[in-house]
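For reference, positions follow the sequence shown, starting with 1.
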Amino acid sequence: MKKVYLSDSGPKVSEAIYGFWRWSDEGQSTTTKIEKIINLCLELGINTFDHADVYGNNTIEEHFGKIIKSKSFKREDIVLFSKCGIRHSDDGSFDYYDTSREHILKSVDNSLKRLKTDYLDIFLLHQSDFLADPEQTAMALAQVVNSGKVNHIGVANFTVFQHQLLASYLTIPIVTNHIELNLMNTAAIEDGRIDFIKQSFSKPLAWAPLAGGRILNGDDEKAVNIRAKLEKIGNRYDANIEQTAVAWLMKLGTLPIIGSISENRIRNAASATGVKLNHQEWYEIYNVVCPPRNTDISHE
């Protein structure tokens, strides 16, 4: 698998990224399972791993850190992301957002401690916090970069305006926006997020590339129609539905974040890099979910 620059200022990442948002803590067995997944990813050329402090109720980073500490691979051979900004209420009944300066600084230190590493390749804000002072948030991000604890910064689930607001207070670039994007949810194409990320000389990262399995298993009309089209076009490349759906995202210039714990599905997503859809095929798939408007192409 090729490595590509995430933005014009870096870093270099694998064309597919593995994310741990689906994982839960099951004790020591979780560490063993994660190590197996890491080894599979590295075998397939996936060297980029996406964390957040809240994954597995604040436990998954710690499991990953145990593997880093065991030195089963070199830290410099992987690209490590983490995020903060989602917090649990005191009674656990709801989540809320916090990108205050204090929370960012504390979260970076805690993630580094759990991951047993001196630095994060990218640190991202997990959600936009409506109550945050953007100047203070930007100052905190600059501080963690200047201290050497973080090499690059990014955001996740930001709208174009939220992205622009934060960027206006920064002198360091935002290198990506993690967005939900798949054939069941193409809003990021229509609302300008994809265009804005590309305008910023960055590549968007697409989480839930298979819509949480709905593209593969959904029985609603939309899912059935998408699946039929993916199967038809995939047959031209000897590719299955999953590979074709991920290849569709890659053709758009996005990098998929794989969240499955299934070895077969990870292999499918990684091998999607070899499926090169042409221009017409990409739109043929897209038109299933977003039919083209009537366009007058007559000439006088």
Side-chain angles (χ1 to χ4, degrees), residues 1-7 12-19 21-22 37 40-50 79 81 176-190 193-195 197-198 202-218 220 222-292:
M1 181 180 294
K2 289 192 309 182
K3 305 301 184 290
V4 297
Y5 283 103
L6 190 53
S7 77
K12 217 168 188 180
V13 300
S14 48
E15 288 182 291
I17 291 158
Y18 190 84
W21 78 86
R22 297 186 190 280
I37 291 293
L40 172 62
C41 287
L42 293 175
E43 172 194 326
L44 297 173
I46 300 171
N47 75 334
T48 307
F49 299 95
D50 179 52
V79 181
F81 297 3
T176 189
N177 187 0
H178 289 207
I179 53 176
E180 182 179 3
L181 178 62
N182 52 65
L183 281 162
M184 303 298 297
N185 181 358
T186 59
I189 297 175
E190 286 89 44
R193 277 176 289 164
I194 292 291
D195 294 332
I197 297 165
K198 290 180 177 181
S202 303
K203 288 183 173 60
L205 273 65
W207 61 268
L210 297 171
R214 189 175 160 202
I215 289 173
L216 298 177
N217 306 311
D220 57 287
K222 185 176 182 180
V224 170
N225 290 340
I226 289 171
R227 200 155 52 241
K229 182 62 70 175
L230 291 170
E231 183 175 20
K232 177 183 176 182
I233 292 179
N235 285 339
R236 302 170 189 169
Y237 298 90
D238 194 26
N240 59 34
I241 290 168
E242 186 170 357
Q243 290 167 317
T244 310
V246 174
W248 182 86
L249 289 169
M250 290 178 165
K251 179 70 174 177
L252 185 61
T254 66
L255 307 181
I257 304 178
I258 308 164
S260 177
I261 59 175
S262 161
E263 177 177 328
N264 188 51
R265 289 184 64 180
I266 295 170
R267 288 186 182 277
N268 279 336
S271 61
T273 58
V275 180
K276 305 298 184 183
L277 301 175
N278 64 35
H279 222 80
Q280 177 176 304
E281 289 166 338
W282 189 92
Y283 275 100
E284 189 177 344
I285 295 169
Y286 180 64
N287 288 346
V288 174
V289 292
C290 292

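Contact detail for Thr244 and Gly234: the closest heavy-atom pair is OG1-CA, 3.3 Å. Here the closest non-hydrogen pair linking Cys290 and Glu190 is SG-OE2, 3.5 Å. Between Leu277 and Ala247, the shortest heavy-atom contact is CD1-C, 4.1 Å. Looking at every heavy atom in both residues, Tyr18 comes nearest to Ile266 through CE1-CD1, 3.7 Å. Across every non-hydrogen atom of Gly45 and Lys3, the tightest pair is O-NZ, 3.1 Å. Residues Ala206 and Pro209 approach most closely at O-CD, 3.9 Å, considering heavy atoms.
Taking 4.5 Å as the limit, every side-chain heavy atom of Trp207 sits out of range of all side-chain heavy atoms of Asp50. A 4.5 Å side-chain heavy-atom check between Arg214 and Ile226 finds every atom pair outside the cut-off. A 4.5 Å side-chain heavy-atom check between Val275 and Val246 finds every atom pair outside the cut-off. Side chains of Glu43 and Arg267 form a contact here, defined as non-hydrogen atoms less than 4.5 Å apart. Leu210 places none of its side-chain heavy atoms less than 4.5 Å from the side chain of Asn182. Side-chain contact between Leu230 and Leu183 is present, with heavy atoms from C-beta onward closer than 4.5 Å.
To the nearest 0.5 angstrom, Asn268 atom CG is 9.5 Å from Ser260 atom OG. Here the CG-NE2 distance, from Leu255 to His178, works out to 9.0 Å after rounding to the nearest 0.5 Å. Taken from OG1 in Thr254 to CD1 in Ile197, the straight-line distance is 9.5 Å, to the nearest 0.5 Å. The CG atom of Asn225 sits 13.5 Å away from atom CD1 of Ile285, with the distance rounded to the nearest 0.5 Å. Atoms OG and CG, from Ser14 and Leu42 in turn, are 9.0 Å apart once rounded to the nearest 0.5 Å. Distance check, rounded to the nearest 0.5 Å: CG of Asn47 to CG of Leu44 gives 12.0 Å.
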- request: Apply side chain to side chain contact (heavy atoms under 4.5 Å, CB included) to Leu205 and Ile179, showing your working.
  value: CA-CA 6 Å; Leu205 273 65; Ile179 53 176; over 6 Å; no
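No side-chain donor-acceptor contact under 3.5 Å links Ser202 and Thr176.
The main-chain N or O of Asn240 is found under 3.5 Å from a side-chain atom of Gln243 such that the two form a donor-acceptor pair. Judged purely by atom type and a 3.5 angstrom limit, Ser262 uses its side chain to pair as donor or acceptor with the backbone of Arg265. In this structure, Lys2 contributes its side chain and Glu15 its backbone to no donor-acceptor pair below 3.5 Å. Side-chain N or O atoms of Thr48 include none that pairs as donor or acceptor with a backbone N or O of Val79 at under 3.5 Å. Between the Arg193 side chain and the Pro204 main chain, no donor and acceptor come within less than 3.5 Å of each other. Put simply, the side chain of Lys229 never gets that close to the backbone of Tyr286: no donor and acceptor are under 3.5 Å apart. Of the possible polar contacts, none joining the Lys276 side chain to the Gly274 backbone as a donor-acceptor pair under 3.5 Å is found. Side-chain atoms of Lys222 come within 3.5 Å of backbone atoms of Met184 as a donor-acceptor pair (strictly under, hydrogens ignored).
Around NZ of Lys232, the count of heavy atoms belonging to other residues, nucleotides or ligands within 6.0 Å does not exceed 12. A 6.0 Å sphere centred on CG of Asp220 holds more than 12 heavy atoms belonging to other residues, nucleotides or ligands.
Shown here are the ring-ring contact (aromatic ring centres under 6.0 Å, His included) partners of Tyr283, two or more places apart in sequence or in another chain: His279. Take Thr273 and apply the side chain to side chain donor-acceptor pair (under 3.5 Å) test, not counting sequence neighbours, and it matches no residue.
Every pair passing ring pair (Phe, Tyr, Trp, His ring centres under 6.0 Å) that includes a residue from residues 226-277 is listed here, sequence neighbours excluded: Trp248-Trp282.
Using a 4.0 Å cut-off between charged nitrogen and carboxylate oxygen, Lys251 and Glu281 do not count as a salt-bridge pair.
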